[in-house]
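Just below is one structure, and these are the notes that go with it.
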Amino acid sequence: MTTSLADPAALPPLGAWHDYDELADVQARQLPLALRRAAASPFYRRRLGPALPRDRAGLADTPLTTKQDLRDSYPFGMLAVPRNRLATYHESSGTTGVPTASYYTDGDWTDLAQRYARKWTGIGPADTFLVRTPYALMITGHLAHAAARMCGATVVPADNRTTAMPYARVVRALHDLDVTLTWSLPTEPLLWAAAARLAGLRPDRDFPSLRALFVGGEPLSRARRDRIAEIWGVPVVEEYGSTETGSLAGQCPRGRLHLWADRAIFEVYDPGTGRIGPDGCGQLVVTPLYREAMPLLRYNIEDDVEVRYESCGCGWALPTVRVLGRSASGHAVGPATVTQARLEELVFALPVRYEVMFWRASAQPHQLRVEIEVPAGHRDAACAELAAAVRAEYGIEVRVDPVEPGGLVSRDALTATADVVKPRGLFGPDEDWDRALRYY
C-alpha cells in the first residue's frame, strides 16, 4: 500500500494494517528512502561515514542518536536539505543551556499534521478547536493548529504561555464560541473546571457543544483521565509525541495508546542492560520514516515506556505503548518506593462527589505527607479514604491534610481577567506610569 503525503485524504485508515507482518512490510519499503535522506545530514555523514545503513539490518548496527547529539549539533548540524526549503524552526521546551533544535519542511508538516489528526473522534469543518498549548519555539501549539486547519476546523489560538489568556477567558471562550474540541496538558481541563464553577457554570452541563478533550505533554494515569472525562462529560483523548518528532502515538476508542508504526520504526532501549528490542520496558527509540529536513536514526527520546505487540479490540494493528515518563521513578518512604503514577491513581480513585482535583505530596524518610483541596463537607471522608488507600498500597505511614479550595490553586488565578498593556510612554494623571514600555 502506498500513500502520497501531498494528499491528506490519501492517509490510510487506521484499520488498514491487518497484522504486524504487513506493518513490517510497510516499514521495510519506506526505510531505504529515510536512510538515503539521513546520508545528507552532516551529523550522520560525520558519525557513520561510508558505513551509512541501507536496510533494517544496517539500522540495527547504528548507534543511538541522543539528545546530547542534537545539542552538540545546534543549530543546523542535523540539516539534510537546503536552508531555503525549511518551513519552520523549533526548540524543545525541556532543554537548559544549549537548545535542542528541530526543523521541518512543508512536506514534513504534511506528515506531522496527518499524524496528529489521527483521532478516533475525528476533526472536521464543523469543529471549533481551542488550542491551549504554547505557540512559541515548541511545536505543540503549531502542530494542533496545522492539523485542525488541514481538516477544515476553526482554530481558537488560546496559548497557555500568555497572561492575555487567563483561565476565566478560556472558560468564556469555551462557552461563548461553542468550542467542540480542545488541545492542552491534562492538568488544564481540571483548572478550567474549577474556573467554570467559580463563574457559576457546570462543566458537564453548560458546554453542550464540547465533544472531546485532546490532551498530551505529561504522563496521564487512567484514573485521572477517567475523572476529567467524568467532570466534563466528554471523552479525553490522549496524544504522545515530542518537539523533535511530532506525534508518535494516539489513543484508540478502547483507551490505549498506539504507536504510529507505519510512520516510524520504534525500539525500546534498556539502559541497565544495553538491550535494544522491539518491545518491553525501557526508553523509547524512534526512527521517523518520512522526515526530510532533519532525519533521525534511532533517536532515544529518553522517556520511560512499555511497548507491546498485541491485539487490541479497536482493530488497529499497531503496537501499544504505556508512557511512564518521570512518573515511573519514585521516592523512598520507609520500606516502599512511592511513584507519582500510582499515587495519582489513588487520589483520583476518590469519589467524584468529593471534588478533589488538586493535590501535592512530599516523600519524607518515614512518612508520606499529602495535601488535597477538598470542600469542608467532604474533608473527613476524603482524607480518611485516601490515607487508608495509601497504607493498603504501600504499608507506610501517611498523613493526609485537607486544604480549603483555593489553597493549592488560588482563586485569583482562576478568576483573573486579561491584563495586556501595549508599550507607551505617555500616561494620564490617574494611570500607573510604572507600566510604561511593558507588554505582558
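Quick caveat, the model's predicted, so the values are computed rather than measured. Each residue takes its place number in the sequence, starting with 1.
With Thr287 contributing its side chain and Leu297 its backbone, the two residues share no donor-acceptor pair below 3.5 Å. Arg37 places no side-chain N or O within 3.5 Å of a backbone atom of Met294 that could act as its donor or acceptor partner. When atom types are taken as modelled, the side chain of Trp232 and the backbone of Pro189 share a donor-acceptor pair closer than 3.5 angstrom. For Arg115 (side chain) and Ser247 (main-chain N/O), a donor-acceptor pair under 3.5 Å exists by modelled atom type.
To the nearest 0.5 angstrom, Asn300 atom CG is 9.5 Å from Thr65 atom OG1. Distance CD1/Ile231 to CG/Leu213: 10.5 Å, rounded to 0.5 Å.
Between the side chains of Gln251 and Arg225, at least one donor-acceptor pair of N or O atoms lies under 3.5 Å. Side-chain contact, Tyr299 with Asp69: no donor N or O sits under 3.5 Å from an acceptor N or O. Between the side chains of Thr100 and Glu91, no donor-acceptor pair of N or O atoms lies under 3.5 Å. Remark: the Trp183 side chain and the Thr140 side chain contain an N/O donor-acceptor pair separated by less than 3.5 Å.
A perpendicular orientation is assigned to the rings of Tyr116 and Phe214, their planes being inclined by more than 60° (bins at 30° and 60°). Ring geometry, Tyr354 versus His378: the interplanar angle falls from 30° to 60°, so the pair is classed tilted. Ring geometry, Phe207 versus His175: the interplanar angle exceeds 60°, so the pair is classed perpendicular (tilted spans 30 to 60°).
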Test log, rule salt bridge (charged side-chain N to carboxylate O under 4.0 Å, His left out), inputs Lys119 and Glu239:
CA-CA 9 Å; Lys119 302 287 191 291; Glu239 172 94 5; 2.7 Å; yes
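If you look at Tyr103 and His90, their ring centroids are not closer than 6.0 Å. Taking the six-membered ring for Trp and the full ring otherwise, the centers of His145 and Tyr135 sit less than 6.0 Å from each other.
Sequence neighbours left out, the pairs with a member in residues 122-131 that pass side chain to side chain donor-acceptor pair (under 3.5 Å) are Asp127-Thr180, Asp127-Arg211.
A side chain to side chain contact (heavy atoms under 4.5 Å, CB included) with Glu188 is found for exactly one of Asn160, Val170, Ile228, Val215, namely Asn160.
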